[in-house]
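Convention: sequence-line order gives letters A, B, ...; per-chain numbering from 1. Just so you know, these numbers come straight off a predicted model, no measurement behind them.
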There are 2 protein chains.
Amino acid sequence: MQKNIIFDLLNNDDGQIPAIKASKEFIQLNPDYSLILVGDETIIKKEFENHVPKQIRIVHQPNLVQKSASLRDVLRQDSSMLTAFNLLKEDKASAILSSGDSGSYVSLATLKLPRLNNVARPAFMPIVPTITNNNILLLDCGANIDAKPEYFVDWARIALSYFPLLTKNSSKKIKIGLLNIGTEDYKGTIFLKEANKLLKESFPFEYVGFIEPNDAINNKVDIVLSDGFHGNIFLKTLESSFLGISGLLKKMIYKNIKTKIGGLLLKNELKKFKCRYDYRNIGGAFIIGLNKIVVKAHGISDTKAFLGALNQIKNAIEQNIIDNLNKEE
Amino acid sequence: MQKNIIFDLLNNDDGQIPAIKASKEFIQLNPDYSLILVGDETIIKKEFENHVPKQIRIVHQPNLVQKSASLRDVLRQDSSMLTAFNLLKEDKASAILSSGDSGSYVSLATLKLPRLNNVARPAFMPIVPTITNNNILLLDCGANIDAKPEYFVDWARIALSYFPLLTKNSSKKIKIGLLNIGTEDYKGTIFLKEANKLLKESFPFEYVGFIEPNDAINNKVDIVLSDGFHGNIFLKTLESSFLGISGLLKKMIYKNIKTKIGGLLLKNELKKFKCRYDYRNIGGAFIIGLNKIVVKAHGISDTKAFLGALNQIKNAIEQNIIDNLNKEE
């Protein structure tokens with residue numbers, strides 16, 4: 001695979017500067033890679049103090065993609081995200097990275113890029129922290145509102161390939177579960193029961209059956225399969241709970257002098273806790289099932305987060321992941 | 001409404017003693033009420049030291065209901081839960097309370113009890129803590145895997161009647177939201193869009209539109225409508241996150257002498273936090289839409305939790321809730 005990445009720099013939180021800084025650092029550490037930066041040329045050049053390295057190509061497009069109900073609107077208006085996908089479609093790179101609107105990103109990726117061989121539908125796959133030291137992969141998390149049982153088999157196969165790349169945990173036996181409202185085979189919708197059967201046949205060694213949110217959060221499995229709706233509800237509830245509790249802890253500590261001292265003594269541990277569950281530190285979410293590496297960084301990413309996402313892409317390129325997946329049955 | 005309650009004492013966590021203690025206390029505080037206790041007669045009598053007050057009637061049935069895939073199995077085997085519902089069906093009481101298996105409870109309630117006038121389907125409605133001081137009502141949370149848009153209108157109407165009873169917050173303007181993967185009207189399934197439209201027409205003042213998990217957790221609404229599957233995923237994720245984080249905090253504090261002192265200084269606050277999000281303290285979940293008051297207590301309820309559930313039932317009886325709901329359009 002080509003060692004180049006298209007990077008849409010624009011997002012709602014005005015993170016163009018951190019995105020440029022991450023690009024600069026990435027190129028310094030990886031001189032064999034090249035980047036195509038899509039964004040505001042003036043800002044990019046200024047950040048490089050007019051010494052843009054030869055591995056970086058700038059494509060000027062200062063318009064941010066607008067959140068929209070229809071793909072038609074996204075296609076009609078010039079935006080850095082649209083330009084980035086058009087460049088990728090022309091096969092100018094192996095991968096794309098953006099921190100822009102998720103909905104538009106999934107729509108454009110699905111429309112502009114061919115699918116992998118033998119994959120019916122792409123899926124949105126974030127890396128999710130658990131209460132252990134390990135992260136898990138969750139898919140689908142919003143690309144498809146409706147899924148068919150056979151989609152899960154494709155997704156499980158792809159997630160199994162990505163898992164060692166994204167978690168540095170290549171030695172362990174990977175476990176896959178299907179998110180449901182109970183662990184018994186008789187629980188859930190007809191659709192889930194069919195998927196459960198199909199997955200048992202397809203992954204007799206990896207698939208452990210239905211799981212509940214509790215099993216995902218406690219890292220009983222490594223890969224959580226779900227339709228886009230349930231996956232999205234699960235992830236957003238998890239994220240909001242952690243954020244909410246972080247806020248409560250802060251209030252608790254600021255209550256009086258005694259609690260403030262208590263907080264001070266626990267400061268290092270609380271910082272580690274906050275850092276672990278800060279979604280900016282987890283890196284990008286992958287849109288899998290397509291013929292290119294497609295990564296979505298968080299809208300509030302800082303330089304470190306963008307650099308993390310670029311390194312995830314690098315790992316995937318080095319492992320030749322797309323070619324290998326295309327070779328599989 | 002009759003001031004009597006049928007109480008199925010048996011559950012998986014062997015909480016018969018706390019259930020009996022709660023009954024004893026409830027009757028002492030409310031001499032105008034009577035209870036029918038279904039459980040092991042020997043244990044009940046022993047707990048009362050053979051002086052069973054006249055307001056208490058004992059029905060001996062020492063078999064615990066078994067978790068089962070089919071309602072047929074639940075109906076075939078003698079159990080305290082089945083006996084309790086048969087007594088309720090004979091109109092022996094206004095309400096039923098149990099901490100046994102949820103699935104069997106919902107099935108038996110649906111089968112044995114007539115529905116309220118103008119209500120298509122019952123729903124499971126727990127009281128859920130938020131990160132503010134207020135609790136919210138969530139429905140449906142598992143009684144129906146598939147819902148129809150019109151169910152939500154019935155459920156919203158019933159929840160609006162229950163809300164002041166359960167939250168002691170009768171003065172405020174109650175807000176209702178429909179759980180979705182985005183707040184924009186164009187988000188979600190066709191089914192949710194239809195429900196959104198219907199709710200806007202039916203509750204122009206209370207209904208605020210689609211909400212995300214974040215809005216529920218942060219108490220932006222008071223009543224969260226959802227189909228049984230999404231509601232269940234939401235609640236279980238929330239519960240597991242809080243439990244998981246409580247565990248992490250404990251580990252954090254026990255790490256070394258410094259953190260232990262920090263934990264000691266924060267002890268009162270942490271205790272309050274744990275108590276607030278301990279589901280045992282929230283009271284019972286209601287199965288609404290039926291012609292009786294049906295309450296499910298947590299399987300790990302202690303005396304305080306059972307007493308809380310009995311008091312919730314008392315409030316509902318005093319407010320004549322079933323008769324009032326039957327009078328509504």
**Report entry** Where Lys175(A) and Lys220(A) come nearest, the two heavy atoms and their spacing
**Finding:** CD-O, 3.6 Å
Report task. Please report the shortest heavy-atom distance between Lys112(A) and Leu82(A), naming the atom on each side. Result -> CE-CD1, 3.9 Å
Query raised in the report: Does a side-chain heavy-atom distance below 4.5 Å link Asp215(A) with Leu179(A)?
Result: no
**Report entry** Close side-chain approach of Leu235(A) to Leu138(A), heavy-atom, < 4.5 Å
**Finding:** yes
Can you tell which of [options] has the highest number of heavy-atom pairs within less than 4.5 Å of chain A?
options: Thr259(B), Asp185(B), Thr130(B); value: Thr259(B)
options: Glu184(B), Glu212(B), Lys236(B), Lys67(B); value: Lys236(B)
options: Asp146(B), Ile131(B), Asn232(B), Thr237(B); value: Thr237(B)

**Report entry** Main-chain N/O of Phe124(B) paired to Asp140(B) side chain as donor or acceptor, under 3.5 Å
**Finding:** yes
Report task. Please check if the side chain of Lys296(A) supplies one atom and the backbone of Gly100(A) the other of a donor-acceptor pair under 3.5 Å. Result -> yes
Report task. Please state whether the rings of Tyr151(A) and Trp155(A) are parallel, tilted or perpendicular, taking 30° and 60° as the class boundaries. Result -> tilted
Query raised in the report: So Phe229(A) and His230(B), would you call those rings parallel, tilted or perpendicular, with 30° and 60° as cut-offs?
Result: parallel
Under 4.5 Å from a heavy atom of chain A, the part of [X] involved:
X: Ile190(B); answer: neither
X: Ile181(B); answer: both
X: Asn218(B); answer: neither
X: Ile261(B); answer: both

Could you list the donor-acceptor pairs under 3.5 angstrom formed between side-chain atoms of residues 262-273 of chain B and any protein atom two or more places apart in sequence or on another chain?
| from | atom 1 | to | atom 2 | distance (Å) |
| --- | --- | --- | --- | --- |
| Glu269(B) | OE2 | Lys255(A) | NZ | 3.4 |
| Glu269(B) | OE2 | Lys272(B) | NZ | 3.3 |

Requested in this report: Could you please spell out the steps behind the side-chain contact (heavy atoms from CB on, under 4.5 Å) verdict for Val221(A) and Ile136(A)?
Outcome: CA-CA 8 Å; Val221(A) 292; Ile136(A) 57 174; 5.5 Å; no
Report summary line: Among residues 244-251 of chain A, those lying within the under-4.5 Å heavy-atom range of chain B are Gly244(A), Ile245(A), Leu248(A), Leu249(A)
Query raised in the report: Can you say whether Ile145(A) sits under 4.5 Å from chain B via the side chain, the backbone, both, or neither, judging by heavy atoms?
Result: side chain
